[in-house]
Amino acid sequence: MNSGYMTNSYDIIVVGAVHAGCEAALACAKLGLNVLLCTLNVQNIALQPCNPAVGGPAKSTLVREIDALGGVMGEVTDATYLQMKILNSSKGPAVRALRAQSDKIQYSTYMRNLLESNENIFIKQCCITELTVNDNEITGAIDEFGVEYKARAVILTTGTSLEGRIFVGLRSYSAGRLGEKAAIGLSDSLHKLGIETKKLKTGTPARVDKRTIDYSKLIIQPGDEELNFFSFKPDRPIRKTYPCYLTKTNEQTHKIIKENLDKSPMYQGLIQGVGPRYCPSIEDKVVRFASNPSHHIFIEPEGLGTYETYIQGFSTSLPYDVQEKMLRTLPGLENAHMIKPAYAVEYDYVPALQTTHSLMSKKIKGLFFGGQINGTSGYEEAAAQGLVAGINAYNYLNGSEMLELSRSSSYTGTLIDDLVTKDIQDPYRMLTSRSEYRLLLRQDNADARLTPIGHKIGLIDDAQFERFNRKLEMIEAETKRLENLKIPASDTVNSILAKYEEHIERGMRASELLKRPNINYKIIKELDENTNELNIPRDVYEQIEVLIKYDGYLKRQEEQVAQGSKLEKFKIPDDIDYSKLEHISSETKDKLSKIRPKTLAQASRIGGIKPADISILMVLLDKHRV
């Protein structure tokens, strides 16, 4: 064990121990770094302060990518789920998504065990209030007690704690989350270093006692019988699953909300930060969608060891007594006992325009940012950033090339590129629509895209990499076999096809038949005895189905990637003086100077940059006049 803790000297300090911080600390520790992990409360490590769930549209792809790179969110979710469910199963593969209902206590405990069992990680309950810097390079941090810790790199993953302030009605107090203090002082330290912070807002619904819910009035929402998992690792545990439930708001609910809008801190202007556009409060829904007679409210268990139940879709910052009245208008919750009220929290974040694609500060070498401090919303977005920040902190300390994932390689790359290129105005949430390459970037092929990178970094071990290569070989071999397998137009074949599809009048290759909308690999197994006996694993044949069914679309998107890569080849010198460029507006020069894009492709994605500006830059770069 490294004895750096005896002298308060570490390779790296990670500030914050929720999803980004846990991934960052574990990645650094697995790569051999000595890590100090600072948290405001050790009992809240890997806490899920909002809904107790992982995954969903776009987010499930992020979790699979984290796993493929060597992170742990997928593993922890698979070990602690209460329910697994594929969303959008009837739609195309680009939007299908796995969602897990988690046992939040077990999730936190499992993650904490991973951290505490790693001999390179030292956990400390403290509040970091100041960063120490010498000649624009990080040298460490100081906590609230005046204790100084030395380190050559620091990763800030402060979540909603940075200067956090909680609102319940018109009452407010300093806190990062309900029952946890805010991180005070660090923002001032960042300002002194020339790093800008701004305000964002988020919120969470009330928790109620499940013993006071009348489940007979709710609509049951079961999980899938055929389980899917997030991690590509083998031997995932098979657990008993539990349902969620559905209820709806009604005219009475909406009446109470409308009558009490004057008590909302958001509508009274007490909250300056912008809230998440894609997860509005219930009062915001009622006002913005006034013609809707009701809104869906999901009743979700928080864990097997607690009575706490999460009221999904009922986020609010209205007063305590109003919340109770609202809750009791919902069918099934007429006698609900509220354990914790809903609240809004306003907090500081660091606009990620101030960081590079490596998530390192442009001003302070060795200072990295990950998670909600970069302006994102969601556990999955935070964990992906934390993992990348951890990997790049290791690369920085070892003088290695930074990991900068492209938009065409991953949702993680898309997420980070959006953050460091675009001026984000509200908490950023990953959506499938944010990716122009979403058919290539599916949850099912995250391992094919990123496992080689994870292995090269050192976070994917040789055994896992060997399993991955065997899977690729199986996909290739079975795809070729299906291309050569002839399905005859026999009476037996047509009697089976009649259940799913029109009969065939001539023999067809299995791959050709598989392209039909209603035909899947399981039906091919019915039609061909040899296919049935091969026992191809589900994760293999599901990828084969996608590759065969969407072959034309996939090739078209690969051509788009090739076209986009042309602009990526136009590198922009780091020392370019945009103020001296001719034929470009002052506004464009200011934006380019602030963001300092590395390539023409990145410059083209900056909001407000015109195609004509890119054409001028291309000519200048091509002629080496810059």
Side-chain angles (χ1 to χ4, degrees), residues 57-71 92-97 232 352 355-359 376 380-381 384-385 387-388 391-392 395 401-422 424 428-457 460 468 472 475 543 546-547 549-572 595 597-607 609 611 614 617-618 621:
K59 292 169 176 281
S60 64
T61 303
L62 284 174
V63 181
R64 289 270 178 88
E65 290 178 356
I66 290 165
D67 191 79
L69 285 170
V95 294
R96 289 175 202 152
F232 293 103
T355 67
T356 67
H357 281 81
S358 69
L359 296 181
T376 60
E380 303 83 359
E381 290 89 341
Q385 293 170 72
L387 178 59
V388 171
I391 290 169
N392 281 325
N395 290 337
E401 182 182 356
M402 291 292 185
L403 174 66
E404 296 186 352
L405 297 168
S406 67
R407 296 181 71 87
S408 60
S409 73
S410 58
Y411 273 18
T412 303
T414 304
L415 160 69
I416 293 173
D417 183 67
D418 280 349
L419 291 175
V420 305
T421 301
K422 299 175 181 177
I424 304 299
Y428 180 101
R429 179 180 179 179
M430 192 67 223
L431 306 168
T432 55
S433 59
R434 296 196 191 273
S435 173
E436 58 271 47
Y437 306 122
R438 54 188 173 274
L439 189 53
L440 295 178
L441 308 180
R442 308 179 310 276
Q443 63 175 13
D444 65 272
N445 72 345
D447 57 339
R449 293 182 279 112
L450 297 178
T451 299
I453 297 174
H455 183 253
K456 183 179 179 181
I457 291 166
I460 296 293
F468 161 73
L472 290 189
I475 290 171
Q543 272 202 54
V546 173
L547 292 173
K549 279 186 182 294
Y550 298 91
D551 178 58
Y553 297 102
L554 291 169
K555 286 178 178 173
R556 193 180 307 163
Q557 201 146 95
E558 286 166 357
E559 289 172 5
Q560 290 174 353
V561 171
Q563 287 291 323
S565 67
K566 291 179 181 179
L567 284 181
E568 293 287 358
K569 292 176 182 177
F570 281 86
K571 305 294 183 184
I572 301 177
I595 296 172
K598 288 192 170 185
T599 66
L600 276 186
Q602 186 188 355
S604 69
R605 294 190 290 270
I606 298 172
I609 301 294
I614 299 301
L617 270 175
M618 185 184 292
L621 290 172

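Values in this document were obtained by computation on a predicted structure and should not be read as measured data. Both backbone and side-chain heavy atoms feed into the values below; hydrogens, waters and symmetry mates do not.
- Atom CD of residue Glu558 and atom OG of residue Ser408 lie 10.5 Å apart, to the nearest 0.5 angstrom.
- Residues that satisfy the side chain to side chain contact (heavy atoms under 4.5 Å, CB included) test with Ala446, not counting sequence neighbours, are Arg64, Glu65, Phe232, Arg449.
- Here the CZ-CG distance, from Arg407 to Leu441, works out to 10.0 Å after rounding to the nearest 0.5 Å.
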**Message:** Does Arg434 form a side chain to side chain contact (heavy atoms under 4.5 Å, CB included) with Tyr428? I'd like the steps, not just the answer.
**Reply:** CA-CA 11 Å; Arg434 296 196 191 273; Tyr428 180 101; 2.8 Å; yes
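- Between Leu405 and the options Ile416, Thr414, Leu450, a side-chain contact (heavy atoms from CB on, under 4.5 Å) holds for only Leu450.
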**Request:** Please report the C-alpha distance between Arg605 and Asp418 in whole Å, then the side-chain angles of each, then the deciding distance to 0.1 Å, and finally whether the salt bridge (Lys or Arg N to Asp or Glu O under 4.0 Å) criterion is met.
**Result:** CA-CA 8 Å; Arg605 294 190 290 270; Asp418 280 349; 5.9 Å; no
**Request:** Step by step, work out the side chain to side chain contact (heavy atoms under 4.5 Å, CB included) result for Leu617 and Leu600.
**Result:** CA-CA 8 Å; Leu617 270 175; Leu600 276 186; 3.6 Å; yes
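- Between the side chain of Asn392 and the backbone N or O of Leu403 there is at least one donor-acceptor pair closer than 3.5 Å.
- Interatomic distance, Met402 CE to Ile391 CD1, rounded to the nearest 0.5 Å: 11.5 Å.
- Put simply, the side chain of Leu419 reaches to within 4.5 Å of the side chain of Gln385, judged on heavy atoms.
- Looking at Gln560 and Gln563, their side chains never come closer than 4.5 Å, going by heavy atoms from C-beta outward.
- Residues that satisfy the side chain to side chain contact (heavy atoms under 4.5 Å, CB included) test with Ala94, not counting sequence neighbours, are Arg438, Leu439.
- Here Ile475 pairs with Lys471, Thr479, Val540, Gln543, Ile544, Leu547 under the side chain to side chain contact (heavy atoms under 4.5 Å, CB included) rule; sequence neighbours left out.
- The backbone N or O of Ala68 lies less than 3.5 Å from no partner atom in the side chain of Asp447, so there is not a single donor-acceptor pair.
- Rounding to the nearest 0.5 angstrom, the gap separating the CD1 atom in Ile595 from the OG1 atom in Thr356 is 13.5 Å.
- Between the side chain of Thr599 and the backbone N or O of Gln602, at least one donor-acceptor pair lies under 3.5 Å.
- In this structure, the side chain of Ser435 does not engage the main chain of Thr432 through any donor-acceptor pair within 3.5 Å.
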**Request:** Please report the C-alpha distance between Glu381 and Lys59 in whole Å, then the side-chain angles of each, then the deciding distance to 0.1 Å, and finally whether the side chain to side chain contact (heavy atoms under 4.5 Å, CB included) criterion is met.
**Result:** CA-CA 7 Å; Glu381 290 89 341; Lys59 292 169 176 281; 2.9 Å; yes
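- With contacts defined as side-chain heavy-atom distances shorter than 4.5 Å, the pair Phe468/Pro452 qualifies.
- Residues Leu440 and Leu554 meet the side-chain proximity criterion, which asks for heavy atoms closer than 4.5 Å.
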**Request:** Apply side chain to side chain contact (heavy atoms under 4.5 Å, CB included) to Leu62 and Thr412, showing your working.
**Result:** CA-CA 6 Å; Leu62 284 174; Thr412 303; 3.6 Å; yes
